[in-house]
Amino acid sequence: MSLAPFAALEARVNNAVQARLANATATYQGGQPFGVILDREASDPFGAAVDVAQITVAYCVVNTPGVREGSELVVDGVTHKVAGPVQPDAGGWVVLTIYPA
């Protein structure tokens, strides 16, 4: 019996989500493009006086082997740096905060 009996199904679901819900395209280290869910929202780390945009991308981490804080992702043709730790969930998805390089 396999240790991951649903691994193929999980990969299929991840690919389908990236293909159908992605609103941006990214590349990592010149590799193949893959779909990401790009989100821009306001955050206020300095209180109400200063409003700063927070950019996040969500995707299946198998597309970016070795990605870590400080790595570069090219999202829709713009180079971004990963701003925080990379901690995928149990399904292999990760949400990264990024900023333009």
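In this text, all values refer to a predicted model and were calculated from it rather than measured experimentally.
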What verdict does the side-chain contact (heavy atoms from CB on, under 4.5 Å) test give for Leu96 and Leu73, after you've listed the backbone C-alpha separation in whole Å, the side-chain angles of each residue and the deciding distance to 0.1 Å? CA-CA 10 Å; Leu96 300 178; Leu73 284 175; 4.2 Å; yes
Could you work out, with side chain to side chain contact (heavy atoms under 4.5 Å, CB included) as the rule, every residue matching Val95, not counting sequence neighbours? Thr56, Ala58
Output all residues satisfying side chain to side chain contact (heavy atoms under 4.5 Å, CB included) with Arg68, sequence neighbours left out; order by chain, then residue number.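 Checked Arg68 against side chain to side chain contact (heavy atoms under 4.5 Å, CB included); matches are Ser71.
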A side-chain contact here means heavy atoms from C-beta on lying under 4.5 Å apart; do Thr64 and Val86 qualify? no
When the side chains of residues 74-83 are checked against the rest of the protein, which donor-acceptor pairs come out under 3.5 Å, sequence neighbours left out?
unit_1, atom_1, unit_2, atom_2, d
Asp76, OD1, Thr25, N, 3.0
His80, ND1, Val78, O, 2.9

Which heavy atom in Leu38 sits nearest to a heavy atom in Ala24, and how many Å separate them? CB-CB, 3.8 Å
What pair of heavy atoms forms the shortest contact from Pro100 to Ile55, and how long is it? CD-CD1, 4.1 Å
Give every residue pair that meets the side-chain hydrogen bond (donor to acceptor under 3.5 Å, both in side chains) criterion with at least one member in residues 85-95, sequence neighbours excluded. Asn14-Trp93
If the condition is ring pair (Phe, Tyr, Trp, His ring centres under 6.0 Å), which residues does Phe34 pass it with, not counting sequence neighbours? Tyr59
Qualifying salt bridge (Lys or Arg N to Asp or Glu O under 4.0 Å) pairs, either residue in residues 92-101, two or more places apart: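 As it turns out, there is no salt bridge (Lys or Arg N to Asp or Glu O under 4.0 Å) pair with a partner in residues 92-101 once direct neighbours are skipped.
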